[in-house]
Amino acid sequence: MKHTIEEKLNIISILRAGYPLRRLCIERGLDHHDVIQWRLRYEAEGEEGLRKRTDASVIAPKQRESLVREFIENSVPLSELSLRYNVSRAMLKIWIRKVREHGYEILYEQKRKARQTKSAMPRPKKKEPQTELEKLQAENLLLRAENALLKKVKALVEEEEARARLNGQKPSTN
């Protein structure tokens, strides 16, 4: 969940007034690691430290690998890495999880598009019947579908009327 700078400042001022961190996090449904980060950033950089972190997409794969290696091999805490390199803890966690699941190579793969655009997947065009025979076959198919639909509607109406008769009600006229 994203929090505004005003919310973060309010939480930091409550903490600075001596309110217990854990209690505040439980009452407001906050992740205590995030709140600690906010406080550390505020103390280090002031209000500017609470603004959005560096866009992770501009961080080179080599630097991503270096950050993940520091965490995994040297046990450097996420909070320290986040502060030092101006990267969100959430992004660091994602990179670490991916490396643990797929290895360091995953950090070098190009980002795949989550979904294709409409222009990439055009809707197939309906083929217009060319010959008289094709026109009659298409019309026949349409009439069969319409007939099946009407049969379904008739069956549903009859079922409803039978239910009404069982309950001692008169069937509706519409």
Side-chain angles (χ1 to χ4, degrees), residues 1-128 141-142 145 148-149 152-153 155-156 159-160 163:
M1 185 173 147
K2 302 227 180 194
H3 298 277
T4 65
I5 291 174
E6 291 76 23
E7 289 173 319
K8 292 175 185 179
L9 284 170
N10 182 32
I11 290 165
I12 290 168
S13 68
I14 292 169
L15 288 174
R16 293 180 101 193
Y19 201 82
L21 172 72
R22 293 241 183 239
R23 194 157 139 204
L24 178 67
C25 291
I26 290 168
E27 288 174 359
R28 297 196 180 204
L30 300 168
D31 179 351
H32 74 278
H33 293 291
D34 289 340
V35 176
I36 291 169
Q37 281 298 114
W38 299 342
R39 187 174 63 194
L40 291 172
R41 287 188 192 284
Y42 181 78
E43 290 168 359
E45 304 170 35
E47 195 174 314
E48 192 57 38
L50 299 177
R51 300 202 188 282
K52 191 171 189 259
R53 302 289 89 205
T54 302
D55 183 10
S57 65
V58 299
I59 297 175
K62 197 85 169 151
Q63 187 178 6
R64 291 179 190 184
E65 180 181 348
S66 164
L67 290 169
V68 173
R69 283 190 188 280
E70 275 191 68
F71 177 80
I72 293 173
E73 296 170 7
N74 302 332
S75 302
V76 177
L78 281 178
S79 55
E80 186 180 322
L81 291 171
S82 176
L83 281 171
R84 194 182 324 151
Y85 296 102
N86 199 26
V87 179
S88 73
R89 286 179 74 253
M91 197 71 251
L92 288 168
K93 283 180 176 181
I94 290 170
W95 294 339
I96 291 163
R97 180 181 46 78
K98 284 183 176 181
V99 165
R100 285 183 171 155
E101 290 173 3
H102 307 287
Y104 286 100
E105 313 80 49
I106 194 77
L107 298 175
Y108 293 90
E109 288 182 8
Q110 291 296 319
K111 203 175 194 181
R112 285 175 256 140
K113 288 189 177 180
R115 61 187 178 106
Q116 293 183 347
T117 60
K118 285 185 179 179
S119 61
M121 290 179 42
R123 191 175 214 171
K125 293 182 181 177
K126 291 183 180 176
K127 256 183 20 185
E128 291 297 321
L141 189 63
L142 185 65
L149 179 66
K152 281 275 192 196
V153 170
L156 289 171
E159 186 181 319
E160 192 177 302
R163 237 188 263 126

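The structure places CD1 of I94 at 10.5 Å from CZ of R64, a figure rounded to the nearest 0.5 Å. Note that the CD1 atom of I5 and the CD atom of E47 stand 6.0 Å from one another [nearest 0.5 Å]. The OH atom of Y104 sits 10.0 Å away from the OG atom of S66 when rounded to the nearest 0.5 Å. Atom-to-atom distance recorded for I106:CD1 and E101:CD is 9.0 Å, nearest 0.5 angstrom. Expressed to the nearest 0.5 Å, how far CD1 of I96 lies from CG of L81 amounts to 7.0 Å. In this structure, NE2 in H33 is found 9.5 Å from SG in C25, a value given to the nearest 0.5 Å.
Here the shortest heavy-atom pairing between I11 and L24 reads CG2-CD2, 3.5 Å. Summarising the geometry of R89 relative to D31, their closest heavy-atom pair is NH1-OD2, 4.2 Å, with the distance given to 0.1 Å. Annotation for I12 and W38: closest pair CD1-O, 3.6 Å, computed over non-hydrogen atoms. Smallest separation of non-hydrogen atoms from S79 and Q37: CB-OE1, 2.7 Å.
Between R41 and N86, some side-chain heavy-atom pair lies under the 4.5 Å cut-off. The shortest side-chain heavy-atom distance between W95 and V87 falls under the 4.5 Å cut-off.
A side chain to side chain contact (heavy atoms under 4.5 Å, CB included) with I72 is found for one member of V68, V76, N74 and no other, namely V68. For the pairing with L21, the side chain to side chain contact (heavy atoms under 4.5 Å, CB included) check across I26, I14, L30, V35 returns one residue only, V35.
By the side chain to side chain donor-acceptor pair (under 3.5 Å) test, R97 pairs with no residue at all, sequence neighbours left out.
Checking side-chain atoms of E7 against main-chain N and O of T4 turns up a donor-acceptor pair under 3.5 Å.
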Run the side chain to side chain contact (heavy atoms under 4.5 Å, CB included) test on K8 and Y42 for me, step by step, so that the C-alpha distance in whole Å, both residues' side-chain angles and the decisive distance to 0.1 Å come before the verdict. CA-CA 9 Å; K8 292 175 185 179; Y42 181 78; over 6 Å; no
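No more than 12 heavy atoms of other residues, nucleotides or ligands lie within 6.0 Å of CZ in R16, so this atom counts as exposed by the packing criterion.
Salt bridge R84/E70: present, at least one basic N to carboxylate O contact under 4.0 Å.
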